[in-house]
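My questions all concern the structure below.
Heavy atoms only: backbone and side chains are in, while hydrogens, waters and symmetry mates are out. Chain identifiers are assigned alphabetically (A, B, ...) following the order of the sequence lines, protein sequences preceding nucleic acid strands; residue numbering begins at 1 within each chain. Note that the coordinates shown come from a computational prediction; the quantities given were computed from them, not determined experimentally.
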Amino acid sequence: MTEGASLPAGSPPLIGMLGLTKRYGNIVAIDRLDARVDGKIIGLLGPNGAGKSTLLKALLGLIPYEGGARVLGLEARTHGADIRDRVGYMPEQEAFLAGMSAVELCTYAGELSGLPRTEAMQRAHAALYYAGLEEKRYQPIDGYSTGMKQRVKLAQALVHDPEILFLDEPTNGLDPRSRDEMLELIAELPARRGCAIVLSTHLLPDVERVCDHAVIMHQGRVRFVGSIDELRGARGRDTEILVEVKADAARLGEVLTEAGATCQVVSAVTLSVSLPETATNELVFRRAREAGLQIRGLGVRRETVEAAFLRVIGDAPKKDAQP
Amino acid sequence: MTEKRIPSTRSTTLTIAFVTWLRILRRRALWVSMVIAAMPVLYAGAMMSLIGSGERSSPVSGDLFAIELLVLALLAPMFVATAIGEEVEDRTTTYLWSRPIARWSVLAGKLLTLVPLMIVLVSASWSLAGWIAWDRLPPMQTYSALAACALAMSLVATGIASLSPKHGMALTIVYLLFFDFPLGVLPQTLREMSLGHQVRTLSGMFPDESGLLSAAISLVAIALVWTVVAALRVRRIEA
Amino acid sequence: MSAVVVADNCSKWYGHVLGISDVSWKLGGGIVGLLGPNGAGKSTLIKLMAGLLVPSRGSLSVFGANPFTDIAVRRRIGYAPEHEKTWDELTALELVTVMARLAGVPGERAKLAAEAALEAMGMADARNRRVQGFSKGMRQRTKLATAIAHDPDFLLLDEPLTGVNPIARADIVARIGALAAAGKTIVVSSHVLYEIEALTSEIVVIYRGQVLAEGNVYEIRKLIDRHPHRIRIECDQPRVIAAALATADHVARIVFERQGVLIETRDPDRCYDQLAAAVLESGVEVSALSSPDNNLGAVFEYLTGDGGRR
Amino acid sequence: MSTTPPVSPAGTIHDLGYKRYVGTRRSAGTRWLVIARNQISSSWKTWWRYKSSLALAVIVTFIAGGVMFILSDKVIRDFAGAAATTMSDAALPKSIQWYTRAAFLVSLTIGARVVAGDLQSGAFTFYFSRSVRPRDYVIGKLGGMFALMAPINLAGPLLLACARLGLSQDVDQLIGSLMLVPKAIAIGLLGTLVFATVPVAFSALIANGRYAIALWGAYYLVFGFIVSMIGRHSDSWIGALDLATSLDAVALQLFDLHLFTGRAGNLDPTVALASILVHIAAAIAIVGYQVRSAHGSGVGGAS
């Protein structure tokens, strides 16, 4: 990602929070958040129940809160409607209207955000083209596959020309190609449409691929705000790499283990390798060649966002069994 | 491990009945239906306090029975059409149809819970209303007529809901209120097609109506038609 | 040994919408990954095998019987659907117990079987909670438990790993692997190759309603090798690597990027070898090596011959 | 990505890239119109949800109009012979209860699941993540229902009133019956308002569409019948809680018809009118309250 914010210098941050607190009865959903968030694609990360959804609701001006929450310099409590005209929201769950086609839904969405009907229609088609739903856009959404529904959700969030997009789990349930395409769409958006993106997800590789900034939440608190590079920390010499071979990862594991590396076979063709202190990737290439194996891929050697994430939230044990 | 045999139809039906009961119990259906079933009691109480004990005339009892029929015409679609429609809409049919069970046993299981539930609700409401209105319980014959009505209307709802899962409930109510009941006041030949009319005859509260046996036969015939529709249709529903 | 599933010119349309088209396919046993993009026909094929759909044309049999009409054969099938909704008012234990009973496990034994199945899926702690409060991962586990509680011989798992976080995913994969080790025939559908690679090396690729390829994952990879590849090398001296490969006849294009070089080749197999040689000879420090074309999506496009179009 | 085919050397390449929206946005006060229009167009799609009931209303209009025209001077009397009127005068008020029936059909197929359907399908997220306020949603949905109900409840009586004017034999009679038009509009508006609001209130109260239909049906039919009977026997206002009879009573009073009044005969028209207005007001309040309280929890509620 390139440097520099999309807003001119001196303008307010994309999102600013000052002592933002939200209580549901006795439960504190988000607790005294203080942060200035800028960037082009901002990953909003955190385990289930960390308060991500509550934060998004507060920023959209949909729920009362204590403290301050500003989006594009507007206070959400008082200017919710203005903010929502300038923000596109792609929800995680299905939010369609029964019996409508994609074009109808997007046109309707545009009109609801204040566009005149003709403009909304034009933009609905443009947004659907952009999201890659061409010939099917006249069919009712009820019959769409998961991937197409995600595209419709993206298109309806884009249709009213927002300055920020809030995307909630946009790649859930997508096959790799659709996921690639969705991430590509997302990555292109800041440049092509001049809008910033807040991407809430639990798929950390997605964050790694497209985000330049991250906000990590845990138990209602912000644990980290900053660029992805800051999140990963100073890039020292990382020890763990992921190697992909044409065939027989186990064999490569054997030869590398002989050379002093610690290996773990991930699948028939991938291998996770911790190289000995003094070695470089050259060792992998050499040993593979000697064993007659072909290297097909080599993972980036740095702390993954996943590892950094786990470090930031205090290495809390991952419990899927949390609702 | 367990030996592999397919479940008996009896056990399937009972299991489905159990599930249906649990689901009904854990959502708002019960109190909604109680509100509806309480209405005849309200009527009986109000009328008795207004008219007083002297004039316990047949118009009130006729009205009371008509109200019970209306209550059933709402409860049967609500329970049965919802139970079938939601199964299709939520695609939980995939769980059911992938099991080694006969499909009609699913319908039977649902009816096994819902019909007695309706009979209990309506009987309670009818007993209470009757007791208020006449100081004694209504005659047994009226109970059997209401029970037959509950079953027949449930079968109609089953048929319509299996044809149109999504709108089965609204369609069943419209069918009963705007087709079946009005038919009941038409000349003899058309009247035969009305469930409402046959139930009135069976109740024995309307002496001018025709014979019990023919009414019972007509009732069974109407219910049977819709049962056949449901049974044929459910075999073809894909998940 | 006779085949578990035999599909014979089997097609399925929903109205005018194509599910699968003219599939002839045999499944002998073991654990098989059913791969394909969203909407390719994976679910249709699985539902046909589970007896939920009738083929529009042709036939499909499971253990020699038609699963749609033959009740007894469905006793041997365990099916976990793709969609989320269940009877959400029930607790996990109630749901699985009921499903086991409907599959023919009698009386109290159904409850024991359900408890065992939930235990096997790592859901023992949550078994008395209602499904409506479950997260996606818990729902997936509960669905899997309903599929295995009656001890079927043949498991059909439709996208069991979708929406599950990475750590839970590894756990579920391990649990499915344990079932396979217990001798079940398992079909697992997924749209993510690496999920499946962790489970099995036997793969069936479905694309546009047809069986596009089947066999060992290595053979699928050979298919992938037959079409042009782009290989991205991130290193400190991209021009050295580029120079080493520039003369090779299979290299079609070399593009320099911010952090490295992108090489387009018509013969990936040779290119990877030459690349490794170049790295070793020049001593260039390679920090990453990847190929955007080394995935199923690329092979779908290549094999169906429609390049960049969708 | 954005190229045109090379037509001539002097050709230009147009930039088909993204254009920012530079126009002004419609003011927030117009959003309800969009919602109302969507409600109408989605109800119009299937034949049986709305069109069939509309057809029923058209048929009623034709029959009533035919009665007016063919039997115009036939005099009808009640059994006592005390009151009498012509068929053409009776046709309009007596047709009101048929329009009401058609409207009730629409309320079952559409009205009683308007809000419940949106709650179930996640549409609240769709609406409230945009600059739609709860009041826009409420006004839009109720406005849409009003527009759907008006052709049934309002257009028919109005047409009949006009037909009645056209049947006048001389100018005096025409002037005498001129008041029919505002009267028809008044009763039509009342009916429209009742069926545009009360069923929607039930759908807002019960989040499940099917239960909402059942409860609304029970309220309108069963409870209505019960209270009207109670009212008849007790001579009290309570009968006015029955919406159907109340509408009928108001219609009969407006058109000054005192024949074959049925259940409506015992009802004081003023009380009936008051009850109808209270129903409408309460319904709007309920919808407003329920939508408001669902509004905050509607978005991003992934638990």
Legend entry - C:Ala40, part contacting chain A, at a heavy-atom distance under 4.5 Å: neither
Inset, instruction - Pick whichever of C:Asp269, C:Val279, C:Asp273 has the most heavy-atom pairs under 4.5 Å with chain A. - result: C:Asp269
Legend entry - Heavy-atom neighbours of C:Tyr14 OH exceed 12 at 6.0 Å: yes
Inset, instruction - Tell me, for C:Asp125 versus chain A, whether the close heavy atoms (under 4.5 Å) come from the side chain, the backbone, both or neither. - result: neither
Inset, instruction - Please determine, among C:Gly283, C:Ala277, C:Gly122, the option with the most heavy-atom pairs under 4.5 Å with chain A. - result: C:Ala277
Legend entry - Chi angles and distances behind the side chain to side chain donor-acceptor pair (under 3.5 Å) call for A:Arg296, A:Gln294: CA-CA 6 Å; A:Arg296 280 293 172 95; A:Gln294 191 185 69; 2.7 Å; yes
Legend entry - Cationic tip of A:Arg151 above A:Tyr144 ring, under 6.0 Å, 45° of axis: no
Inset, instruction - Could you tell me which of C:Leu280, C:Ile231, C:Leu275, C:Ile233 has the largest number of non-hydrogen atom pairs under 4.5 Å with chain A? - result: C:Leu280
Inset, instruction - If the plane angle is over 60° it's perpendicular, under 30° parallel, otherwise tilted; pick one for C:Tyr272 and C:His229. - result: perpendicular
Inset, instruction - Please determine, by modelled atom types, if C:Glu82 and C:Ser43 share a side-chain donor-acceptor pair under 3.5 angstrom. - result: yes
Legend entry - A:Arg286 versus chain C, the contacting section by heavy-atom distance below 4.5 Å: both
